[in-house]
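Position 1 is the first residue of the sequence; numbering continues from there.
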Amino acid sequence: QVQLVESGGGLVQAGGSLRLSCAASGRTFSSYAMGWFRQAPGKEREFVAAISWRGDLTTYADSVKGRFTISRDNAKNTVYLQMNSVKPEDTAVYYCATRQSGWWQSVEYEYDYWGQGTQVTVSS
């Protein structure tokens, strides 16, 4: 049973920074790609960032490119999302996910295990 547990969410002022973490268990973390998605109130869940199994390949949504950085520590079975220069429109529940492949994807249906989410609220 794969388990993903996000942490690090909270309230932050616009222009500030926050780092989200996602701890994985239940299978060989280092073999699989990881992704971050988010869902704002009244909106559909959307892709944020993804990283390949070795951490050498990453991709980002245009809305966060240059501000957010995804990384992973395979020794700690953890993936991170460093959020800098946050904006009120970044307010959402952030989810991490993993898929049955080492290569990243940006579409939700490619991911088969999901965490419970962590709330990020950006005040203006």
Side-chain angles (χ1 to χ4, degrees):
Q1 181 79 11
V2 177
Q3 286 193 322
L4 302 174
V5 179
E6 301 96 335
S7 62
L11 176 64
V12 60
Q13 286 191 331
S17 297
L18 208 59
R19 189 176 82 156
L20 306 183
S21 300
C22 173
S25 62
R27 70 179 183 189
T28 308
F29 174 80
S30 58
S31 298
Y32 301 101
M34 300 292 296
W36 284 97
F37 291 77
R38 67 186 181 186
Q39 186 168 21
K43 295 187 177 181
E44 293 186 352
R45 189 154 56 184
E46 64 176 5
F47 171 76
V48 175
I51 189 166
S52 63
W53 64 283
R54 287 193 308 187
D56 55 340
L57 298 175
T58 58
T59 188
Y60 298 90
D62 287 343
S63 59
V64 307
K65 202 172 293 183
R67 301 187 297 120
F68 291 8
T69 302
I70 187 172
S71 62
R72 66 191 296 161
D73 185 339
N74 286 343
K76 295 182 178 179
N77 288 356
T78 301
V79 64
Y80 304 97
L81 185 69
Q82 178 67 45
M83 306 169 60
N84 297 331
S85 302
V86 295
K87 304 175 181 180
E89 51 263 45
D90 294 323
T91 294
V93 177
Y94 283 71
Y95 300 89
C96 72
T98 185
R99 62 187 301 264
Q100 294 277 9
S101 169
W103 307 109
W104 58 258
Q105 282 284 350
S106 61
V107 289
E108 191 173 336
Y109 65 78
E110 289 284 352
Y111 291 81
D112 49 358
Y113 293 101
W114 293 80
Q116 82 290 348
T118 185
Q119 176 70 48
V120 171
T121 302
V122 182
S123 63
S124 56

Min side-chain heavy-atom separation I70-Y60 under 4.5 Å:
yes

Minimum-distance pair of heavy atoms, taken over all atoms of A97 and L4
CA-CD1, 3.7 Å

Measure from the ring center of F68 to the ring center of W36 and say whether it is less than 6.0 Å.
no

Roughly how far, to the nearest 0.5 Å, is CE of M34 from CG of L81?
11.5 Å

Under 3.5 Å donor-acceptor, Y111 side chain and A33 backbone
no

Heavy-atom closest pair, residues S71 and V79:
O-CG2, 3.1 Å

Does any non-hydrogen side-chain atom of D90 lie less than 4.5 Å from one of R67?
yes

State, with a plain yes or no, whether a side-chain heavy atom of W103 is found less than 4.5 Å away from one of W53.
yes

Grab the two heavy atoms, one from F29 and one from N74, that are nearest each other, plus how far apart they are.
CE2-OD1, 3.1 Å

CD on Q119 to OG1 on T91, rounded to 0.5 Å
7.5 Å

If two hydrophobic side chains count as joined below 4.5 Å and joins carry through other members, does F47 share a cluster with V86?
no

Test of understanding: with ring-ring contact (aromatic ring centres under 6.0 Å, His included), list the residues that count as partners of Y95, not counting sequence neighbours.
none

Out of curiosity, S106 OG to F37 CZ, how far, rounded to the nearest 0.5 Å?
7.0 Å

Under 6.0 Å from the six-membered ring centre of Y113 and within 45° of its axis: does the NZ or CZ of R27 meet both?
no

R38 and Y94: side chain donor to acceptor below 3.5 Å
yes

State, to 0.1 Å, how close P88 and S124 come at their nearest heavy-atom pair, and which atoms those are.
CG-CB, 3.8 Å

Option among N77, T78, I51 that satisfies the side chain to side chain contact (heavy atoms under 4.5 Å, CB included) test with R72:
I51

Which pair of heavy atoms, one from W104 and one from S52, lies closest together, and at what distance?
CD1-N, 4.2 Å

Is a donor on one side and an acceptor on the other found under 3.5 Å between the side chain of T121 and the backbone of A92?
no

Is there a path from V93 to V120 through hydrophobic residues (I, L, V, M, F, W, Y) whose side chains come within less than 4.5 Å of each other?
no

For the pair D62 and K65, find out whether any cationic side-chain nitrogen is under 4.0 Å from an anionic carboxylate oxygen.
yes

Residues, nucleotides or ligands: over 12 heavy atoms within 6.0 Å of E46 CD
yes

Answer whether the closest heavy-atom distance between the side chains of L20 and M83 falls below 4.5 Å.
yes

Heavy-atom closest pair, residues S17 and S85
OG-N, 4.4 Å

Just how far is it from atom CD of Q13 to atom OG of S123, taken to the nearest 0.5 Å?
5.0 Å

Determine whether Y80 and V48 fall in the same hydrophobic cluster, where Ile, Leu, Val, Met, Phe, Trp and Tyr are linked whenever their side-chain heavy atoms lie under 4.5 Å apart.
no

Any side-chain heavy-atom pair from W114 and E108 closer than 4.5 angstrom?
yes

Can you confirm whether Q100 sits close enough to Y32 that some side-chain heavy atom of one is under 4.5 Å from a side-chain heavy atom of the other?
yes

Between CG on residue L18 and CD on residue Q82, distance to nearest 0.5 Å:
8.0 Å

